[in-house]
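The block underneath contains the structure these notes are about, expressed in structure tokens.
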Amino acid sequence: GTTTFASGNGLTGDYYHIDHYGSGSVHITGTAGTQTESQINFQNNFPFSLNDRFLAAWNGYIVPRTTGTYDFRTYSDDGVRLWIGGISKINNWTDHGTTANTASVNLTAGIPVSVTMHMYEAYGGAVAKLLWRPPGTSSYQIIPTASLFTTQPAQDAVKFITDHQTTTASVSINGGQSDEVISDLNV
């Protein structure tokens, strides 16, 4: 059989201005903006000219390409929280310089799982990166845009497995984004 995956568009990023009351203590004072981020890979280059005293919240879905244990790693300056499938996996909600935090999660190829990452920046350098090490690989990589979705894709639009003769078709995903998919002629 052949497996073809739809291609993602990134995560939704919501950005806020904050007051900072000491390590891990923040209060949202206003909205800076919202936009789709192709990846979480920031180092002093956050949108909306944010430098100090801000909070970022990224939300969406990850669609793994392989079944197995994925090691997730965040780099952050300052606080970071990561939820995979609604379960807290990383919680380092403190003031700190660039710090790596890791967690492992078992995922199934083609099955969308929710992802939420929050980070806040108090003062100084600002870093937020979300990486993974898929099963069978030896190094971490920034999670590619193709595996990130702003909205939950329909499972049958994410993965197509065929055991018969195949043809190429086009499927509309996320309001018009088109990807080639494999469909079964015998269905």
Original post:
Between His96 and Ser76, does a side chain to side chain contact (heavy atoms under 4.5 Å, CB included) hold up when you go through it step by step?
Top reply: CA-CA 8 Å; His96 53 259; Ser76 66; 2.9 Å; yes
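- With hydrogens and angles ignored, the 3.5 Å screen pairs no side-chain donor or acceptor of Asn59 with any backbone N or O of Thr116.
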**OP:** Before giving the answer on side chain to side chain contact (heavy atoms under 4.5 Å, CB included), spell out for Asn101 and Phe72 the whole-Å C-alpha distance, their side-chain angles and the decisive distance to 0.1 Å.
**Re:** CA-CA 8 Å; Asn101 292 276; Phe72 287 85; over 6 Å; no
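- Of the possible donor and acceptor atoms, one in the side chain of Thr137 sits under 3.5 Å from a partner among the backbone N and O of Pro134.
- Side-chain atoms of Thr98 never come within 3.5 Å of backbone atoms of Asp77 as a donor-acceptor pair (strictly under, hydrogens ignored).
- Asn41 contributes no side-chain N or O that, together with a main-chain N or O of Gln39, makes up a donor-acceptor pair within less than 3.5 Å.
- Taking every heavy atom of both residues into account, His118 and Trp93 meet most closely at O-CZ3, 3.8 Å.
- For the residue pair Lys129 and Met117, the shortest heavy atom distance occurs at O-CE, 3.9 Å.
- Judged by distance alone, the side chain of Thr29 and the main-chain N or O of His17 form a donor-acceptor pair under 3.5 Å.
- The closest side-chain heavy-atom distance from Tyr70 to Pro64 is below 4.5 Å.
- Residues Ser104 and Thr69 are in side-chain contact: their nearest non-hydrogen atoms beyond the backbone lie under 4.5 Å apart.
- Remark: the backbone N or O of Gly124 is paired with a side-chain donor or acceptor of Asp52 at under 3.5 angstrom.
- To the nearest 0.5 Å, atom CD1 of residue Ile28 and atom CG of residue Leu55 are 5.5 Å apart.
- Atom OG1 of Thr74 and atom CD1 of Ile40 lie 10.0 Å apart (nearest 0.5 Å).
- When every heavy atom of Tyr15 is checked against every heavy atom of Pro47, the shortest pair comes out as CZ-CG, 3.4 Å.
- In this structure, the separation between OG1 on Thr31 and CG on Asp14 is 8.0 Å, given to the nearest 0.5 Å.
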**OP:** Quick one: do Ile142 and Leu130 satisfy side chain to side chain contact (heavy atoms under 4.5 Å, CB included)? Show the steps, please.
**Re:** CA-CA 6 Å; Ile142 297 291; Leu130 179 59; over 6 Å; no
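- Between Leu148 and Ile143 the shortest side-chain heavy-atom distance falls below 4.5 Å.
- At least one donor-acceptor pair closer than 3.5 Å links the side chain of Thr99 to the backbone N or O of Gly97.
- In this structure the side chain of Trp132 never reaches within 4.5 angstrom of the side chain of Arg73, judged on heavy atoms.
- Hydrophobic clustering keeps Trp83 apart from Ile62 (ILVMFWY residues linked when any side-chain heavy atoms are closer than 4.5 Å, directly or through intermediates).
- Proximity of a side-chain donor or acceptor of Asp78 to a complementary backbone N or O of Ala122 within less than 3.5 Å is detected.
- In terms of heavy-atom proximity, Asn51 sits nearest to Ala126 at O-CB, 4.1 Å.
- Leu50 has its side chain out of reach of Glu121: every pair of non-hydrogen atoms, C-beta onward, lies at least 4.5 Å apart.
- Scanning both residues, Ser139 and Arg133, for their nearest heavy atoms gives O-CG, 3.6 Å.
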Subject >> Residue pair Val113, Leu107: steps toward the side chain to side chain contact (heavy atoms under 4.5 Å, CB included) verdict >> reply: CA-CA 8 Å; Val113 61; Leu107 299 176; 3.8 Å; yes
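- At least one side-chain heavy atom of Thr12 sits less than 4.5 Å from a side-chain heavy atom of Thr34.
- Inter-residue side-chain proximity for Lys89 and Val105 is flagged as met; some heavy-atom pair is nearer than 4.5 Å.
- Residues Thr36 and Leu11 fail the side-chain proximity criterion, which asks for heavy atoms closer than 4.5 Å.
- The aromatic rings of Trp58 and Phe42 sit parallel, their planes meeting at an angle under 30°, below the 60° perpendicular limit.
- Rounded to the nearest 0.5 angstrom, Asn9 CG and Ser38 OG are separated by 10.0 Å.
- Under the 4.5 Å side-chain heavy-atom criterion for grouping Ile, Leu, Val, Met, Phe, Trp and Tyr, Met119 is connected to Phe48 within one hydrophobic cluster.
- Taking each heavy atom of Tyr61 and Thr151 in turn, the nearest pair found is CD1-C, 3.5 Å.
- Residue Phe54 forms a ring-ring contact (aromatic ring centres under 6.0 Å, His included) with just one option from Tyr123, Tyr120, Phe46, and that option is Phe46.
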